[in-house]
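Take a look at the structure below.
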2 protein chains.
Amino acid sequence: MFELDMRSGEPIYEQLVYQFKRLIIEGVMEVDEKLPSVRDLAGQLTVNPNTIQKAYRELEAEGYIYSVKGRGSFVQQREEQSNTAKIEEMKKRMFPLLREAFYLGMTREELEEIIRDANGGMDDD
Amino acid sequence: MFELDMRSGEPIYEQLVYQFKRLIIEGVMEVDEKLPSVRDLAGQLTVNPNTIQKAYRELEAEGYIYSVKGRGSFVQQREEQSNTAKIEEMKKRMFPLLREAFYLGMTREELEEIIRDANGGMDDD
DNA sequence: TTAACTGTATTATTTATCATAATACAGTTT
DNA sequence: AAACTGTATTATGATAAATAATACAGTTAA
């Protein structure tokens, strides 16, 4: 399904969160599509089921999936209206990165190109 | 000089790195200006000197400061030409964030506003 | 109904990282 | 020479990540 870097220092469960977000955002996984079961994925990736569980819990908390006991975990429908609180948090995460980018000599054109790349390839509204 | 959040979970040395980057990027600290000595800053912030040392080592590795044994640590001259490798790394850090931003319903206008904000207030070339 | 699947929770253990602490060494400044 | 600088090393405690072993509850399908 995807790759994990065991020696990167980045926690496995965070890698899982990131990878599933990517699949959901890119539309590779569709709404209500079932994610692998906790035990299955743990077996496939040879990591502990608790690690998978932690990742799923985080994805559920962030609204990317929903879990039903006995049935499984599924891709959540994206909310229609723009979530102001989340956007504010996003701004805070992005700001220092942009500051550093400009400092390193990145031009506005280079940035806008990244933005275009990031906006492309999405299943738009 | 700045504040540290001891209970945020973010490592102290990373907070130090971030804060010094900010001061350098914003031009509050000028080129060749001396940073506080490892022991001084440790005393001021009541943290261990080793923690300061770790932050300075990181800042030096990223090219923000240079250290001279016996003399101190100083703000590094910014490189003139745009550092391609660093910009590539910056793109990789920024891309998933932008993807998520769009997914959460952030508009291109909102993003461009952040970019303007981030680009303003810098001592430009 | 029963067996095999789901998510969820708990407790214990190991490992790695962060931070502190106490030194020591080498170079610079006054 | 004394007091400052950065740098390195070793040890210790605290915390988070990951593993491991169970257990419980709800769902699905034979």
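Throughout, protein chains are lettered first and strands after them, A, B, ... in sequence-line order, and every chain is numbered starting at 1.
Taking a cutoff of 4.0 Å between a charged side-chain nitrogen and a carboxylate oxygen, B:Arg116 and B:Glu113 do not qualify as a salt bridge.
In terms of position along DNA chain D, the nucleotide closest to B:Val68 lies nearer the 5' end than the nucleotide closest to the other residue of the pair A:Thr51 and B:Val68. Projected onto DNA chain D by closest heavy-atom contact, A:Gly70 and B:Ser37 fall at different nucleotides, the more 5' of which corresponds to B:Ser37.
A parallel orientation is assigned to the rings of A:Tyr103 and B:Tyr64, their planes being inclined by less than 30° (bins at 30° and 60°).
Judged purely by atom type and a 3.5 angstrom limit, B:Gln19 has no side-chain atom pairing as donor or acceptor with the backbone of B:Phe2. Under a 3.5 Å cut-off, the side chain of B:Glu58 and the backbone N or O of B:Glu14 do not form any donor-acceptor pair. Between the B:Lys21 side chain and the B:Leu59 main chain, no donor and acceptor come within less than 3.5 Å of each other.
When each of C:dT8, D:dT19, C:dT28 is scored by its nearest atom to the side-chain atoms of A:Val47, the top-ranked nucleotide is D:dT19. Here the side chain of B:Asn48 is nearest to one of C:dT20, D:dT28, C:dG7, namely C:dT20. Closest to the side chain of A:Arg71, out of D:dT28, D:dG6, C:dT8, is D:dT28. Closest contact between the side chain of A:Asn50 and the listed nucleotides D:dA21, C:dA19, C:dT8 involves D:dA21. Of the candidate nucleotides D:dT5, D:dT7, D:dT19, D:dT5 has the atom lying nearest to any side-chain atom of B:Asp40. Proximity note for A:Arg39 (side chain, C-beta onward) versus D:dA17, C:dG7, C:dT29: the nearest is C:dG7.
With rounding to whole Å, B:Leu59 atom CG is found 15 Å from D:dG6 atom C1'. B:Met6 has its CE atom 16 Å from the P atom of D:dA14, to the nearest Å. A:Ile65 places its CD1 atom 8 Å from the P atom of C:dT8, with the value rounded to the nearest Å. Atom-to-atom, CG of A:Leu16 to P of D:dA17 comes out at 13 Å; the value is rounded to the nearest Å. Separating the CG atom of B:Leu41 from the P atom of C:dT20 is a distance of 12 Å, rounded to the nearest angstrom. The distance between atom CD1 of A:Ile12 and atom P of C:dT14, rounded to the nearest whole Å, is 19 Å. Distance, A:Gln53 CD to D:dA25 P: 16 Å, rounded to whole Å. In this entry the distance linking CZ of B:Arg57 with P of D:dT7 reads 8 Å, nearest Å.
By the 6.0 Å contact criterion, CD on A:Gln44 is enclosed, its count of non-hydrogen atoms from other residues, nucleotides or ligands being greater than 12.
Across all strands, A:Glu60 comes closer than 4.0 Å only to sugar-phosphate atoms, never to a base (heavy-atom distances).
Residue A:Lys69 places no side-chain N or O under 4.0 Å from the OP1 or OP2 atom of D:dT27. OP1 and OP2 of C:dG7 both lie 4.0 Å or more from every side-chain N or O belonging to A:Tyr56. Between A:Ser73 and C:dT6 there is no side-chain polar atom (N or O) within less than 4.0 angstrom of OP1 or OP2. At D:dA17, one or more side-chain N or O atoms of A:Lys54 fall inside 4.0 Å of OP1 or OP2 (strictly under the cut-off).
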